[in-house]
Amino acid sequence: MVRDELAAWLRLAMTPGVGRGSARKLLAAFGLPQRIFDESAEALAAVVHSPQVQALCIEPEGWSAQVETTWGWLQRQPSRRLVTQADPAYPPALLQTEDPPLMLYME
C-alpha cells in the first residue's frame, strides 16, 4: 500500500459522522477512497446526508498524525499490513457480515 492510499483510507475511517455503513455507500458509488475525496459536494450529497458531506470536505482532526503513526508502524516490520475492503486479501466471510470493518491491521 502506498502512503496516499493509506491516507485516504484513514481519512474515510476518521471522518466524524461517517460510519462504516456510509463509508460502504461511498465506496460503492465512487470506488476507492481517493476518488471519494476528489468528488464535488453535490456528488457526495447524492449518496450521504449533508452533515456527512460537510465533514468529508475537511480533514478530520488528528488525521495527519494518524497517517504518520500508521505509516511508521507499517514500515517498521515488513510483515505488517493494512488490509482494506478493496484488497483481495480481505477475508471474504468477513465482508458478508452485517458491518465489516473498513480495514484490518495485520502482523
Closest heavy-atom pair and its distance - [X], [Y]:
X	Y	answer
Pro60	Arg11	CD-CG, 3.7 Å
Leu102	Arg20	N-CD, 4.1 Å
Leu74	Leu82	CD2-N, 3.7 Å
Ala29	Val47	CB-CG2, 3.7 Å
Glu98	Arg24	O-NH2, 3.5 Å
Thr70	Tyr105	CG2-CE2, 3.8 Å

Q. If you count the non-hydrogen atoms of other residues, nucleotides and ligands that lie under 6.0 Å from CD in Glu61, is the total more than 12?
A. no
Could you measure the distance from the [atom1] atom of [X] to the [atom2] atom of [Y]? Nearest 0.5 Å is fine.
X	Y	atom1	atom2	answer
Leu26	Arg35	CG	CZ	12.5 Å
Arg81	Asp87	CZ	CG	5.0 Å
Leu32	Asp4	CG	CG	12.5 Å
Leu12	Phe37	CG	CZ	5.0 Å
Glu68	Trp63	CD	CH2	10.0 Å
Gln66	Trp73	CD	CH2	11.0 Å

Q: Report yes if some heavy atom in the side chain of Leu104 is under 4.5 Å from a heavy atom in the side chain of Pro91; otherwise report no.
A: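 Leu104 vs Pro91: side chains touch.
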Q. Are Phe30 and Asp38 close enough that some pair of their side-chain heavy atoms sits under 4.5 Å apart?
A. no
[Y] reachable from [X] in the ILVMFWY side-chain graph, under 4.5 Å edges:
X	Y	result
Tyr90	Met103	no
Val83	Met1	no
Leu95	Met106	yes
Val48	Ile58	no

Q.
Treating Gln52 as the side-chain partner and Val18 as the backbone partner, does any N or O pair qualify as donor plus acceptor under 3.5 Å?
A. no
Q | Side-chain donor/acceptor of Trp9 to backbone N/O of Gln85, under 3.5 Å | A | no
